[in-house]
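Reading through the C-alpha cells given below for one structure.
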Amino acid sequence: GLVILGNVWSAVQGSWLGSNGSLAVAGAVAAAVAWNFRKPVFQWLISLQFSVALLSAVLIATAIGTVVLQGQAPEEFTAKYGEGLGGFLRLFGVDDIFHSFPFRSLMALLAASLGCVVIDKRAWRPSERFFLFNHGGIIVVLVGGLVGVLGGMKAFIDIHQGEIANSFILHDRFGNRTAKNVPLDF
C-alpha cells in the first residue's frame with residue numbers, strides 16, 4: 001500500500017507541489033502527528049523491535065534494488081523482464097527503488113530513529129562519545145543520501161588532458177544525455 005501511495009504521491013507532486021513538495025508536506029503531517037503522540041512515537045522509534053524491522057526492510061529493499069535493473073528506460077525494462085513482470089515491478093516502483101518514495105521514507109525513518117536513540121541515551125555526555133560518533137555518522141550519511149536523491153542531478157563532464165571544462169551536460173534518470181549544457185560557476 002505504501003508503494004502505491006508513494007507512486008500516486010509522486011505523480012501529484014510533479015503537477016502542483018514541485019520536486020521537493022512531497023517531502024515538505026509529508027514532514028509537516030508527520031510532525032503534527034508525532035507532536036500529538038510524541039511519547040508513544042518516541043518509545044516506538046527507539047525500540048529494538050522497530051529497529052530490527054526497519055533495518056530488515058532496508059536490507060530487503062536494497063537487495064531487490066541490487067538484483068533488479070535500476071533506472072532503465074521502460075522499453076529496456078520490459079525487454080529484460082517481459083510485459084507482465086516488468087509492468088508489475090514498475091507499478092511498485094522497483095525499477096527505480098532507490099529514488100522511490102517508500103525507500104526515501106525508510107531512510108528518513110531510520111535517521112529519525114537513530115536521532116531519537118541518540119537523544120534517549122544522552123549521547124552528548126563524554127562517556128557516550130563513541131556511541132554519538134557511530135550513530136551521528138550514520139545519520140549524516142542518511143541525510144546526505146536524502147539530499148542527493150531529492151536535490152541532486154546526474155551530469156557528465158568530458159575533460160581531456162590540457163583542456164579546461166566550463167560546463168557540464170545533464171543526464172536524465174535513465175543515464176541518457178539531455179540537450180541541456182549547464183555552465184559551471186567557478
Side-chain angles (χ1 to χ4, degrees), residues 1-15 17-31 33-34 41 44-118 134-156 170-178:
L2 184 60
V3 173
I4 294 172
L5 178 63
N7 287 340
V8 169
W9 189 259
S10 294
V12 169
Q13 79 172 6
S15 61
L17 287 177
S19 61
N20 294 331
S22 65
L23 185 63
V25 172
V29 169
V33 170
V41 169
W44 176 64
L45 285 172
I46 65 171
S47 72
L48 183 60
Q49 295 86 354
F50 177 73
S51 299
V52 169
L54 184 59
L55 288 173
S56 298
V58 169
L59 177 69
I60 290 168
T62 303
I64 291 170
T66 303
V67 173
V68 176
L69 287 176
Q70 298 294 301
Q72 300 297 313
E75 305 82 40
E76 294 175 38
F77 201 77
T78 302
K80 171 76 176 174
Y81 297 106
E83 273 301 315
L85 181 59
F88 178 78
L89 293 173
R90 275 195 318 276
L91 174 68
F92 288 100
V94 177
D95 62 329
D96 198 13
I97 199 165
F98 299 114
H99 295 99
S100 68
F101 181 78
F103 193 79
R104 291 184 299 199
S105 299
L106 287 174
M107 295 295 103
L109 266 176
L110 186 56
S113 176
L114 285 169
C116 289
V117 168
V118 166
N134 288 334
H135 287 72
I138 295 169
I139 292 169
V140 168
V141 169
L142 291 171
V143 169
L146 283 171
V147 167
V149 165
L150 295 174
M153 64 179 85
K154 292 182 182 180
F156 179 77
L170 284 179
H171 287 223
D172 63 14
R173 65 173 247 176
F174 305 117
N176 303 318
R177 286 184 179 202
T178 64

Reported OG1-to-CD distance for the pair T78 and E83, which is rounded to 0.5 angstrom = 5.0 Å
When the ring planes of F98 and F103 are compared, do they come out parallel, tilted or perpendicular, using 30° and 60° as the limits?
-> perpendicular
Taking side-chain hydrogen bond (donor to acceptor under 3.5 Å, both in side chains) as the test, write out the residues that go with H135, two or more places apart.
-> none
Approximate separation, where rounding is to 0.5 Å, of K80 NZ and L85 CG = 11.0 Å
Listed by chain and number, what are the side chain to side chain contact (heavy atoms under 4.5 Å, CB included) partners of V143, not counting sequence neighbours?
-> I139, V147
Mind listing the side-chain donor-acceptor pairs of residues 51-60 below 3.5 Å, one per line with the distance, residues two or more places apart or on another chain?
unit_1: S51; atom_1: OG; unit_2: S47; atom_2: O; d: 3.1
unit_1: S56; atom_1: OG; unit_2: V52; atom_2: O; d: 2.7

For residues D95 and V68, determine if any side-chain heavy atom of one lies less than 4.5 Å from a side-chain heavy atom of the other.
-> no
Rounded to the nearest 0.5 Å, what's the gap from CD on Q72 to CG on D96? Could you check?
-> 10.0 Å
Give the intermediate values and the outcome of side-chain contact (heavy atoms from CB on, under 4.5 Å) for residues L142 and L110.
-> CA-CA 8 Å; L142 291 171; L110 186 56; 3.7 Å; yes
State, yes or no, whether a side-chain contact exists between I97 and Q70 at a heavy-atom distance under 4.5 Å.
-> yes
Residue pair L114 / I138: nearest heavy atoms and the distance that separates them = CD1-CG2, 3.2 Å
Run the side-chain contact (heavy atoms from CB on, under 4.5 Å) check on R104 and L146 step by step: do they pass?
-> CA-CA 7 Å; R104 291 184 299 199; L146 283 171; 4.0 Å; yes
Only counting residues at least two apart or in another chain, list the ones meeting side-chain hydrogen bond (donor to acceptor under 3.5 Å, both in side chains) with S113.
-> none
Under the ring pair (Phe, Tyr, Trp, His ring centres under 6.0 Å) rule, what pairs show up with a residue in residues 58-83, not counting sequence neighbours?
-> F77-Y81
Before giving the answer on side-chain contact (heavy atoms from CB on, under 4.5 Å), spell out for L109 and L45 the whole-Å C-alpha distance, their side-chain angles and the decisive distance to 0.1 Å.
-> CA-CA 8 Å; L109 266 176; L45 285 172; 4.1 Å; yes
